[in-house]
Amino acid sequence: MPELPEVETVVRCVRPSLLGRRIARFRSLWPRNVSPGAAIVARRLRDRTITDVSRRAKYIVMSLDDGANLLVHLRMSGRLAWADETDRPEHVRAWWGLDDGRRLLFRDARKFGRILHTDDLGAATAHLGVEPLAQEFSAACLARLLDGRARQLKPLLLDQSLVAGIGNIYADEALFAAGLHPLDPAGRLDRSEVLRLRRAIRAVLRRGIRCNGASIDWVYPGGTMQEVFRVYGRTDAPCRRCGTPIAAMRVAQRSTHFCPACQPPLAVRRRRSGRKRV
DNA sequence: TGAATTGTTATCGT
DNA sequence: AACGATAACAATTC
């Protein structure tokens with residue numbers, strides 16, 4: 001489902017066609033998910049020019065010439081598409097009519113997606129943590145986030161208020177790449193484990209972007225990242241590194257996949273290395 | 001029919 | 001009081 005790499009791919013895909021375009025009309029067919037209200041947003045968007053299209057965490061950010069921003073969150077099944085790409089597109093929840101005659105569709109089978117207009121982008125995104133691909137996300141930064149926390153690594157990685165943009169797939173893939181167990185207490189990692197985790201997060205997200213994201217069932221077409229998954233969705237399949245069957249469990253209500261051999265729990269790692277540190 | 005999916009919110013416990 | 005765990009919730013598909 002769209003996580004940081006998928007959203008980044010969508011942004012890169014639509015940006016060239018949207019930059020400098022004027023919105024002639026915006027219409028919502030599912031007003032419930034438009035904030036602060038479909039009629040208000042339609043009025044505010046009319047005749048605005050799109051000055052930038054970017055990404056913050058899993059939000060698509062359309063910047064407008066009046067300083068306001070339109071945030072689009074795809075949640076589980078949202079996608080952007082052009083009206084002329086499909087004969088009779090299903091699940092169209094909103095659309096933008098542009099000054100060049102093209103029509104951008106927001107399609108969303110499950111209606112979880114959100115469209116939010118704001119005059120204060122900072123306030124609207126204040127709940128979000130650091131961008132994992134930004135310079136700012138240094139080893140020291142991650143160490144600060146982990147420090148003193150008893151929380152398990154997997155739920156921590158999914159917490160958008162700490163690191164923003166990681167979802168279930170890339171959390172599992174990052175933990176595998178780092179050789180860390182999903183249930184490890186975050187605050188107990190040593191220096192080299194923190195470094196590994198930071199590198200792993202950035203590596204899997206960058207790889208996801210290079211692959212144009214991952215195509216999972218019918219929700220998000222186009223990407224190829226699913227072909228190189230190491231653990232996600234590979235329950236009982238042999239680990240690509242050591243051959244051990246990939247294990248699955250439920251963590252914080254999320255399906256979680258890991259290699260029991262490549263990702264031993266912290267206690268086991270410490271026992272093997274013979275010495276403990278914090 | 002129930003499981004699965006994401007992120008927010010509410011609630012409860014330490 | 002901050003932190004963390006848990007559940008409910010939105011809607012739909014398989």
Side-chain angles (χ1 to χ4, degrees), chain A residues 1-10 28-38 55-61 71-81 89-94 105-116 118 123-132 144-174 182-189 205 208 213-221 223 225-226 229 231-236 246 248-257 266:
Chain A
M1 329 290 92
E3 303 180 21
L4 187 153
E6 288 76 26
V7 177
E8 181 65 28
T9 301
V10 170
S28 167
L29 295 88
W30 190 250
R32 182 189 300 188
N33 290 352
V34 179
S35 172
R55 179 193 58 75
R56 172 74 172 103
K58 301 174 194 173
Y59 289 90
I60 299 159
V61 182
L71 275 59
V72 179
H73 200 301
L74 303 173
R75 289 280 186 109
M76 283 194 62
S77 59
R79 52 197 282 194
L80 297 181
E90 289 186 297
H91 311 308
V92 176
R93 308 307 180 193
L105 308 178
F106 177 60
R107 300 175 58 192
D108 184 16
R110 288 174 184 156
K111 300 182 177 175
F112 282 18
R114 297 290 130 107
I115 296 175
L116 167 69
T118 180
T125 58
H127 63 290
L128 296 169
V130 61
E131 282 289 326
R144 268 196 307 277
L145 292 175
L146 301 179
D147 184 45
R149 289 185 190 268
R151 212 166 177 194
Q152 297 168 333
L153 284 177
K154 169 92 186 247
L156 184 141
L157 290 182
L158 294 175
D159 188 335
Q160 303 299 301
S161 72
L162 300 175
V163 183
I166 301 172
N168 204 39
I169 292 172
Y170 292 92
D172 280 3
E173 294 297 323
L183 301 183
D184 280 349
R188 299 248 174 79
L189 298 193
L205 292 175
S215 303
I216 304 298
D217 56 57
W218 49 276
V219 173
Y220 178 88
M225 180 72 182
Q226 70 283 356
F229 282 168
V231 287
Y232 183 84
R234 299 193 64 246
T235 310
D236 295 333
I246 298 301
M249 63 180 171
R250 215 70 200 153
V251 181
Q253 308 345 37
R254 301 283 185 261
S255 63
T256 296
H257 315 75
L266 182 137

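A, B, ... follow the sequence lines: proteins, then strands. Residue 1 opens every chain.
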Distances under 3.5 Å only, N/O to N/O: pair up the protein atoms with those of nucleotides 12-14 of chain B.
none

Next item on the list: Can you measure from CG (L156(A)) to CG (D184(A)) and round to the nearest 0.5 angstrom?
Entry: 11.5 Å
Notebook entry, point to check: Do side-chain atoms of R56(A) reach the backbone of L128(A) as a donor and acceptor pair under 3.5 angstrom?
Noted result: yes
Next item on the list: Grab the CG-P distance between D108(A) and dT13(C) for me, whole Å please.
Entry: 11 Å
Next item on the list: Return the set of residues passing ring pair (Phe, Tyr, Trp, His ring centres under 6.0 Å) with F106(A) (not counting sequence neighbours), or none when no residue passes.
Entry: none
Report, one pair per line, the protein and nucleotides 1-5 of chain C atoms (nitrogen or oxygen only) whose separation is under 3.5 Å.
{"from": "dG4(C)", "atom 1": "OP1", "to": "A150(A)", "atom 2": "N", "distance (Å)": "3.4"}
{"from": "dG4(C)", "atom 1": "OP2", "to": "R149(A)", "atom 2": "NH1", "distance (Å)": "2.7"}

Note to self: Whole angstroms only, please: what is the CD-C1' distance between Q160(A) and dT8(B)?
What the structure shows: 11 Å
Between the protein and nucleotides 2-6 of chain B, which nitrogen or oxygen pairs are less than 3.5 angstrom apart?
{"from": "dT5(B)", "atom 1": "OP1", "to": "S255(A)", "atom 2": "OG", "distance (Å)": "2.7"}
{"from": "dT5(B)", "atom 1": "OP2", "to": "R250(A)", "atom 2": "NH1", "distance (Å)": "3.4"}
{"from": "dT5(B)", "atom 1": "OP2", "to": "S255(A)", "atom 2": "OG", "distance (Å)": "3.4"}
{"from": "dT5(B)", "atom 1": "O2", "to": "R110(A)", "atom 2": "NH1", "distance (Å)": "3.1"}
{"from": "dT6(B)", "atom 1": "O3'", "to": "K58(A)", "atom 2": "NZ", "distance (Å)": "3.3"}

Margin query: Once side chain to side chain donor-acceptor pair (under 3.5 Å) is applied, do any residues pair with T256(A), and if so which ones, sequence neighbours excluded?
Written below: K154(A)
Checklist line | side-chain contact (heavy atoms from CB on, under 4.5 Å) against T235(A), all qualifying residues, sequence neighbours excluded | finding: A248(A), H257(A)
Item checked: Test salt bridge (charged side-chain N to carboxylate O under 4.0 Å, His left out) applied to R55(A) - qualifying residues, sequence neighbours left out -> E8(A), E131(A)
Checklist line | Nearest-Å distance for atom pair CG/C1', residues L158(A) and dT8(B) | finding: 14 Å
Check: In whole Å, what is the span from the CG atom of L71(A) to the P atom of dT8(B)?
Finding: 11 Å
Check: Looking at residues at least two apart in the chain, or sitting in another chain, which of them share a salt bridge (charged side-chain N to carboxylate O under 4.0 Å, His left out) with R254(A)?
Finding: none
Next item on the list: Go through the structure and list residues passing side-chain contact (heavy atoms from CB on, under 4.5 Å) with D147(A), not counting sequence neighbours.
Entry: none
Next item on the list: List for me each residue that meets side chain to side chain donor-acceptor pair (under 3.5 Å) alongside R75(A), sequence neighbours excluded, and say none if there are none.
Entry: none
Checklist line | Set of residues satisfying side chain to side chain donor-acceptor pair (under 3.5 Å) with respect to E3(A), sequence neighbours excluded | finding: none
Item checked: Spacing of N33(A) atom CG relative to dC9(C) atom P, expressed in whole Å -> 17 Å
Notebook entry, point to check: side chain to side chain donor-acceptor pair (under 3.5 Å) with R107(A): which residues, sequence neighbours excluded?
Noted result: none
